[in-house]
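Here's a structure for you.
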Amino acid sequence: MFALARTVINRAPRASTSRIATRSFAAVIQTPSGSSSSSPSRQRPLKLSRILKEKVPVREDHGLWGFFRRKDNADELEGEAKYEIIEDPQSRQKQTGRSWKASELRLKSFRDLHTLWYILLRERNLLASQKEEARRMGISDVPLQVSSTRVHHTRKSMARIKAVLNERRLAYEGALKIAEAEREEKVDQEVLNSMKGAWEHKIQHMKKRKAYLVRRLELKLAKKAAREAAAKETAAKEASTEPRPTGPERVAGLLVNS
């Protein structure tokens, strides 16, 4: 992912700086024109020397040009001359800055970090392409080698972006755990309040039931007392209305009772 994959066909002998003026960016394999009856699987492949000499026509706005650094005077040049194949000795002397600090990256939004990551990834692939080209051409001069400081700054910045994103991920997961704990606490409190309300309702119902039974018992006792009082009153009335025996009847009654 972090390096441009290239297939090395033949490693050229070590060359001097004067031999790196021209170089083909790509090769094209054209299908040889033959009879229409011949099968493509039976056609013989082109020779390697012919493949290496041919180039693929590429548009000016093609994305693969981004893997090569544009020269300062690229507007005055045309085609491949706009781009650097290997590290320019003059560009090594330019001040390229430093790597991004984690404190600076923490102030960036996710969109800015996403954009910055791909800018650094493009720079890293660009440096890897220049390094591979220098190795393929057998260049050993230090001024033409890829600056290890640039590679270090690029890798360091990308590592710090990953560290900042990991911090945000951990903070997000921690916030989710806190929110889940608060939600569970809220649910538990709602369940407890519901059970407490049901218990209080049951207690109120039992109190009302007890009061009802007490009133019913009191009413029953009052009715019983009223019936007994009415019976006593009726008996008293009946006793008062009966005639008292006189003479022989009274004496007979006294004798019987005795």
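Source: prediction; values computed, not measured.
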Exceeds 12 heavy-atom contacts within 6.0 angstrom, atom CZ of R169: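 More than 12 heavy atoms, drawn from other residues, nucleotides or ligands, come within 6.0 Å of this atom.
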Electrostatic pair K177-E180, nearest N-O below 4.0 angstrom: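 Between E180 and K177 there is no salt bridge, as every charged N stays at least 4.0 Å from the carboxylate O atoms.
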Side-chain ion pair, R106 and E167, N-O less than 4.0 Å: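 Yes, charged N to carboxylate O under 4.0 Å.
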Any I161 side-chain heavy atom under 4.5 Å of W100 side chain: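 SC-SC contact between I161 and W100 ruled out.
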Atom CD of E184 with >12 non-hydrogen neighbours under 6.0 angstrom: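 Counting other residues, nucleotides and ligands, CD of E184 exceeds 12 neighbours.
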Y212 vs R216 side-chain heavy atoms within contact, under 4.5 Å: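 Yes. Closest side-chain heavy atoms under 4.5 Å.
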Interatomic distance, K108 atom NZ to L113 atom CG [nearest 0.5 angstrom]: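 Between K108 NZ and L113 CG, I get 8.5 Å after rounding to 0.5 Å.
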Heavy-atom donor-acceptor pair, R160 side chain to L105 backbone, under 3.5 Å: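 A pair under 3.5 Å: no.
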Side-chain heavy-atom pair L121, M158 within 4.5 angstrom cut-off: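 Yes; the side chains approach each other to less than 4.5 Å.
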Aromatic ring proximity, centroids under 6.0 angstrom, F110 and H114: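 That pair fails the under 6.0 Å test.
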Distance, nearest 0.5 Å, that separates CD of E173 from CD1 of I178: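 Rounded to the nearest 0.5 Å, the CD-CD1 separation comes out at 12.5 Å.
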Partner of R122 by side chain to side chain contact (heavy atoms under 4.5 Å, CB included), out of N125, I119, L126: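 For R122, the side chain to side chain contact (heavy atoms under 4.5 Å, CB included) test succeeds with only one of N125, I119, L126, which is L126.
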Check against side-chain contact (heavy atoms from CB on, under 4.5 Å), K186 and E182: CA-CA 6 Å; K186 184 178 179 181; E182 291 179 353; over 6 Å; no
Electrostatic pair E104-K101, nearest N-O below 4.0 angstrom: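 Salt bridge flag = no for K101 with E104.
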K196 side chain reached by E200 side chain, heavy atoms, under 4.5 Å: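 They are in contact (side-chain heavy atoms under 4.5 Å apart), so the answer is yes.
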Path from L217 to L219 over hydrophobic side-chain contacts below 4.5 Å: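 No; L219 is not reachable from L217 via cluster members.
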Nearest-0.5 Å distance that lies between atom CG in L165 and atom CG in L170: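 Result: 11.0 Å between the selected atoms.
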Residue pair K207 / K210, side-chain heavy-atom distance below 4.5 Å: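 No. Closest side-chain heavy atoms not under 4.5 Å.
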Test item: S194 side-chain N/O and E190 main-chain N/O as donor-acceptor pair under 3.5 Å: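 Here the side-chain-to-backbone pair does not exist.
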Donor-acceptor side-chain pairing of D112 and S109 below 3.5 angstrom: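 The criterion, which ignores hydrogens and geometry beyond distance, is satisfied for S109 and D112.
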Separation of R155 CZ from S148 OG (nearest 0.5 Å):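 The distance works out to 12.0 Å.
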Check: S157 main-chain N/O paired with S99 side-chain donor or acceptor under 3.5 Å: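 No, because the side chain of S99 does not come within donor-acceptor range (under 3.5 Å) of the backbone of S157.
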Neighbour count >12 (heavy atoms, 6.0 Å) for atom CZ, R111: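 Incorrect, the count does not exceed 12.
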Side-chain touch K202/H205, heavy atoms, less than 4.5 angstrom: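 Not in contact.
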Q130 side chain reached by L127 side chain, heavy atoms, under 4.5 Å: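 Yes, side chains in contact.
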same_hphob_cluster(V187, M195) at 4.5 Å side-chain heavy-atom cutoff: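 Yes; tracing contacts between hydrophobic side chains, which count when under 4.5 Å, links both residues.
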K237 and E233: CA distance, side-chain angles, deciding distance, salt bridge (Lys or Arg N to Asp or Glu O under 4.0 Å) verdict: CA-CA 6 Å; K237 287 181 179 180; E233 185 178 356; 3.7 Å; yes
Check: Q189 main-chain N/O paired with N193 side-chain donor or acceptor under 3.5 Å: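 Looks like yes, one N/O pair under 3.5 Å.
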Salt-bridge present (E218, R215; N to O < 4.0 Å):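 A salt bridge is absent here (no side-chain N lies under 4.0 Å from a carboxylate O).
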